[in-house]
Amino acid sequence: MGRLSRAAGRGAARLLPAERRDWAEAIWAEASEVPSALERLGWLTGGAWLIARESLMVRRVRNTILFAVAAACLAWTALPGTPSAFITANIWLRAIGTVLVLAGLPWLVRRRLGAVIDSRLARSLRGGTFAGIMALIVALARIDRITNTPRQLAAAGPHNQPSIGLVGMWLFFLVLVAGYAAGILAVTAKRSWVTSTTLSIGAGTGVALGVVMYAIMPLGFGQYATAPWLRGSAIDPVVAIAWILLFGGPLAAALLAGWRCSGSVGALVPAEAKIRQGVAAGILVTLVGSLVVCVLGPATLASFSWLAHLLYAGQHLTSAAIAHRASAPFSPGAAGYSLVWFFFPIIGLGIGAMTALAAWGNQAARRQGQGPGGGGPGGPDAAPEPPPTGLHADTDDVPSSVAIGLYAGTRSY
Amino acid sequence: MAPRSGFSAQTLSVLAALCSQPSQWQHGYVLAKQTGLKSGTLYPILIRLADRGLVEACWQDEPEPGRPRRHLYRLTAEGLTTAAAAMASEAAAQRQATRPRSTTAPGLTASAQWVG
């Protein structure tokens, strides 16, 4: 059998997990013993099928096709309906930029943190995040078409003309999209050492947060309650629940996820594993919550005119007027969603990290103090020290890097 | 009726081929010829058996000149026990399935003889 064929076999074997590569190379090497060319072809075909099955290639091909179909639908629905050149460019750039980000990020995350955790929840979180982001782009495109007709653009003057500020806002939006996708991809990757229990706790709390936030602000923040199902003082307890979920959700999720984690996880010793679960649960709560409310809100604006009439019964407002009020630059509605989109993950990450470090930071520090030689107990009042290098945290892993930085900061007091 | 072994017919054929020379290392192509299985069927079976600890695998120490080294397989001690039990179970199940049913009750034969 030729060198080329053997090289192809070795290359194909690299598609498999490490523990399976020997088998792929074995089947390729055995082909040398098959006497006839036709039989050898059949033997190698069996080998190719084995590699496809064991490398989960079938699933990858399916996911690639699904993504391509979703991207095509996104591109088609983002086709502009108004002749405004700037809005056309804005909608297209936002759609194309998002597709490129979502196409490239999984590959980058895989190189650093490995493939997705082998659980349905992890795959659902990834699929749901990508679908939600694409739905958001479609909704924003529709809102732009509704609210930015040429007459309105002309009337708006320079604020809605192409400018560095608007281009900067578009780029900033794309960075946030990448951040959300990267965050979900990271916490659902194998080498992030996040357990399925942590994913359940974080995602479940996040969905609750998102639903409550949407219930009180389906069309964004306003000077008065915008939800017809929560009129007057009935909205107050729901607003209280929203505040509790926003700050208490990451805290409770971090504590619960860390408490549920017993023993080592992957390369992490128990205390470090607990901290990792706490940080991951905290950020997951607000990532998921923010995605839920920021997708449902604009989707409501863009698609459900009947809801607009329900919310503003008797006022005879058109969908365009509602959308414009809620989404025009610097409107209360747009500001509300922008605040959620930007600040929620920061809140979740900060609270999750601080909670996890407060609960298990000392255990991790004691383990670091023992060192590889199994030295004596650490001093109770150690001097301020640099970020602990004995921890098994991956410094390229954002949650752990932040956790280590926060830990170092607290130890300096 | 005797319980079946829990292995598929193809897996049993692979176990039988490995049992024929339990202490000898065997090549994949030889197993394929003995069992009549194609490579795409044989190797997943070997992988699953190895995952369960019933088969052990290793690379050939000294390959033939000009040829790549080959992967070798044989049953482990646990594999040998399991294979023997599986084949015995399967044989018993097949015997029971093929046993002919009796067409007359014993009492009839005796009374027929008494009358005769």
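Convention: sequence-line order gives letters A, B, ...; per-chain numbering from 1. Computed from heavy atoms alone, side chains included, the values below leave out hydrogens, waters and symmetry copies. Treat the numbers as computed from the prediction; the structure is a model and nothing was measured.
- Taking the six-membered ring where tryptophan is involved, the planes of B/Tyr73 and A/Trp23 are essentially parallel, since the angle between them stays under 30° and well short of 60°.
- Residue A/Trp259 qualifies as open at atom CH2: its count of foreign heavy atoms under 6.0 Å is 12 or below.
- At most 12 non-hydrogen atoms from other residues, nucleotides or ligands lie less than 6.0 angstrom from CZ of A/Arg260.
- Proximity to chain A among residues 18-28 of chain B is limited to B/His27, B/Gly28, judged by heavy-atom separations below 4.5 angstrom.
- Between A/Trp49 and B/Lys38, the closest side-chain pair of non-hydrogen atoms is not below 4.5 Å.
- At a heavy-atom separation below 4.5 angstrom, chain A is approached by B/Gly40, B/Tyr43, B/Pro44, B/Leu46, B/Ile47, B/Arg48, B/Ala50, B/Asp51 within residues 40-56 of chain B.
- Between A/Glu39 atom CD and B/Ser39 atom OG the span is 11.0 Å, to the nearest 0.5 Å.
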Worked check of side chain to side chain contact (heavy atoms under 4.5 Å, CB included) between A/Glu30 and B/His71 | CA-CA 8 Å; A/Glu30 200 68 12; B/His71 216 209; 5.6 Å; no
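- For A/Thr188, the side-chain hydrogen bond (donor to acceptor under 3.5 Å, both in side chains) test picks out A/Arg126, with sequence neighbours left out.
- Under the side-chain hydrogen bond (donor to acceptor under 3.5 Å, both in side chains) criterion, B/Thr11 pairs with B/Ser8, sequence neighbours left out.
- Using a distance-only test at 3.5 Å, with no hydrogens or angles considered, a donor-acceptor pair links the side chain of B/Arg67 to the main chain of A/Ser32.
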